[in-house]
Amino acid sequence: MLEIKSLNPPFLHPPYQIKDRFRTFLPVVVDVETGGFNPATDALLEVSMITVQIDNSGHLVPKDQYSVNIRPFEGSNLVKINIDFLGIDPYDEKRNLMDEGEAMRPLFKAISKEVKAQACSKAILVGHNASFDLSFINAVASRLNYKRNPFHPFSVIDTASLGALVLGQTVLSRACISAGIHFDGDHAHSAVYDTAKECELFCAMYNRFTTFAGLPA
């Protein structure tokens with residue numbers, strides 16, 4: 001089943017709205033773990049997403065985390081070196097596996113609901129090397145013939161690029177350490193863990209800029 005974890009309660013009196021800061025887009029931090037690098041042919045194995053919100057001091061903070069483990073779709077490709085790197089059994093039912101449809105349709109609907117709740121027009125994917133994550137999200141939406149994919153079809157916010165600009169680092173673990181965020185390499189390459197760290201990093205860089213720029217006025 002789709003796992004949902006509340007990370008912070010909704011804030012009632014933020015000084016400005018996300019829709020006014022991101023051109024009516026809602027940033028959603030996403031990480032995927034896959035059976036290879038080709039979104040058209042390789043299995044999507046894990047997906048985790050975290051929504052964000054503005055707190056009462058004007059800082060960006062996590063809101064809710066969604067995660068699913070996905071059974072490889074019929075005929076999909078699994079590259080052994082990728083699977084060995086992840087250290088998981090893609091067919092282990094103890095991981096609460098779900099078919100793509102039963103996993104992703106509720107996840108897409110949950111993100112669409114949050115987009116509407118924050119008065120935004122679309123979600124925009126935030127990720128570390130985000131175009132890779134978006135390619136797999138778009139591919140699964142296409143396989144499911146899902147017409148209401150909540151994510152912008154090609155625009156992303158890439159924390160690797162932001163890390164290079166703000167911190168001089170592009171590797172997730174090094175960027176986190178440079179930002180003063182604890183990073184446990186033993187837990188890396190799990191979609192749930194990596195998404196949490198990517199979200200911490202994105203919020204930290206955003207808030208650093210927000211404070212420097214004197215926002216909100």
Side-chain angles (χ1 to χ4, degrees), residues 1-9 26-52 62-115 117 123 125-130 132-151 172-173 182-200 202:
M1 61 182 295
L2 175 64
E3 294 187 14
I4 305 172
K5 180 181 180 182
S6 178
L7 303 175
N8 276 299
L26 174 67
V28 178
V29 185
V30 178
D31 190 77
V32 302
E33 300 299 344
T34 67
F37 298 107
N38 186 333
T41 61
D42 298 344
L44 179 61
L45 303 175
E46 297 180 3
V47 180
S48 180
M49 300 185 181
I50 300 179
T51 57
V52 295
K63 187 179 181 184
D64 297 310
Q65 182 165 25
Y66 306 84
S67 58
V68 289
N69 291 330
I70 300 176
R71 191 177 292 111
F73 68 89
E74 185 175 355
S76 61
N77 187 42
L78 293 167
V79 180
K80 186 177 185 304
I81 192 171
N82 275 58
I83 302 304
D84 291 345
F85 180 74
L86 294 176
I88 62 172
D89 177 357
Y91 296 102
D92 182 5
E93 295 295 335
K94 293 178 182 178
R95 297 174 57 241
N96 298 318
L97 300 180
M98 304 170 70
D99 290 335
E100 284 189 336
E102 62 178 343
M104 294 303 298
R105 286 190 180 95
L107 182 48
F108 283 145
K109 289 178 180 178
I111 298 302
S112 293
K113 182 178 179 180
E114 185 64 20
V115 168
L125 189 147
V126 179
H128 211 72
N129 302 307
F132 176 84
D133 300 275
L134 183 61
S135 70
F136 275 86
I137 295 299
N138 285 341
V140 70
S142 179
R143 282 194 297 273
L144 297 175
N145 196 28
Y146 195 87
K147 301 298 186 183
R148 297 182 180 180
N149 183 347
F151 289 95
L172 178 60
S173 59
H182 175 71
F183 192 93
D184 185 348
D186 291 336
H187 289 90
H189 311 302
S190 154
V192 170
Y193 185 80
D194 285 358
T195 308
K197 291 301 160 182
E198 289 164 21
C199 190
E200 281 189 70
F202 175 57

> If you round to the nearest 0.5 Å, how far is NE2 of H187 from CG of D194?
Replying inline: 11.5 Å
>> Do T51 and Y66 make a side-chain contact, defined as non-hydrogen atoms from C-beta onward lying under 4.5 Å apart?
In response: yes
>> Let me confirm one number: the CG-OG distance from L86 to S190, rounded to the nearest 0.5 Å.
In response: 9.5 Å
> Nearest heavy-atom pair of L45 and I83: which atoms, and what distance?
Replying inline: CD1-CD1, 3.7 Å
>> To the closest 0.5 Å, what do you measure between CZ (F151) and CG (L26)?
In response: 8.5 Å
>> Would you say that N82 contacts F37 through its side chain, given a criterion of any heavy-atom pair below 4.5 Å between the two side chains?
In response: yes
> Which pairs, with at least one residue in residues 82-107 and sequence neighbours excluded, count as a ring pair (Phe, Tyr, Trp, His ring centres under 6.0 Å)?
Replying inline: F85-H189
>> Using only atom types and a distance under 3.5 Å, with no angle test, would you say the side chain of S112 pairs donor to acceptor with the backbone of F108?
In response: yes
>> Keeping N69 on the side-chain end and N96 on the backbone end, is there a donor-acceptor pair under 3.5 Å?
In response: no
> Can you name the nearest heavy-atom pair linking A40 to F73, along with the distance?
Replying inline: O-CZ, 4.1 Å
> With a 4.5 Å limit on heavy-atom distance, are the side chains of L172 and E198 in contact?
Replying inline: yes
> Is L97 close to D92 at the side-chain level, that is, under 4.5 Å between some pair of heavy atoms?
Replying inline: no
>> Hydrogens and angles aside, do Q65 and S48 bring a side-chain donor and acceptor to less than 3.5 Å of each other?
In response: yes
> Which residues satisfy the side chain to side chain donor-acceptor pair (under 3.5 Å) test with R143, sequence neighbours excluded?
Replying inline: E100
>> I want to check something: taking the side chain as every heavy atom from C-beta on, are V52 and C199 in contact at a cut-off of under 4.5 Å?
In response: yes
>> Using side-chain heavy atoms (C-beta onward) and a distance below 4.5 Å, is E46 in contact with R95?
In response: yes
>> Between D42 (side chain only) and G35 (backbone N and O only), is there a donor and an acceptor less than 3.5 Å apart?
In response: no
> Do the non-hydrogen side-chain atoms of E102 and R71 ever get within less than 4.5 Å of each other?
Replying inline: yes
> Shortest non-hydrogen contact from N149 to N138?
Replying inline: ND2-OD1, 3.1 Å
>> Around atom CD of E93, are there more than 12 heavy atoms from other residues, nucleotides or ligands closer than 6.0 Å?
In response: yes
> Nearest heavy-atom pair of P27 and V126: which atoms, and what distance?
Replying inline: CB-CG2, 3.7 Å
> Excluding sequence neighbours, so at least two apart, what forms side chain to side chain donor-acceptor pair (under 3.5 Å) with K94?
Replying inline: none
> Considering all heavy atoms of both residues, which atom of G36 and which atom of T34 are nearest to each other, and what is their separation?
Replying inline: O-OG1, 2.5 Å
> Is any side-chain heavy atom of I70 less than 4.5 Å from a side-chain heavy atom of M104?
Replying inline: yes
>> For the NE2 atom of H182 and the OG atom of S173, what is their distance to the nearest 0.5 Å?
In response: 11.5 Å
>> To the closest 0.5 Å, what do you measure between CD1 (I50) and CG (D64)?
In response: 9.5 Å
>> Between H128 and F202, is the side chain to side chain contact (heavy atoms under 4.5 Å, CB included) condition met? List the steps.
In response: CA-CA 9 Å; H128 211 72; F202 175 57; over 6 Å; no
>> Could you report the tightest heavy-atom contact between I137 and V140, atom names first, then the distance?
In response: O-CG1, 3.2 Å
> With distance as the sole test, does Y193 use its side chain to make a donor-acceptor pair with the main-chain N or O of D184 at under 3.5 Å?
Replying inline: yes
> Could you walk me through whether K197 and D31 pass the side chain to side chain contact (heavy atoms under 4.5 Å, CB included) check?
Replying inline: CA-CA 10 Å; K197 291 301 160 182; D31 190 77; over 6 Å; no
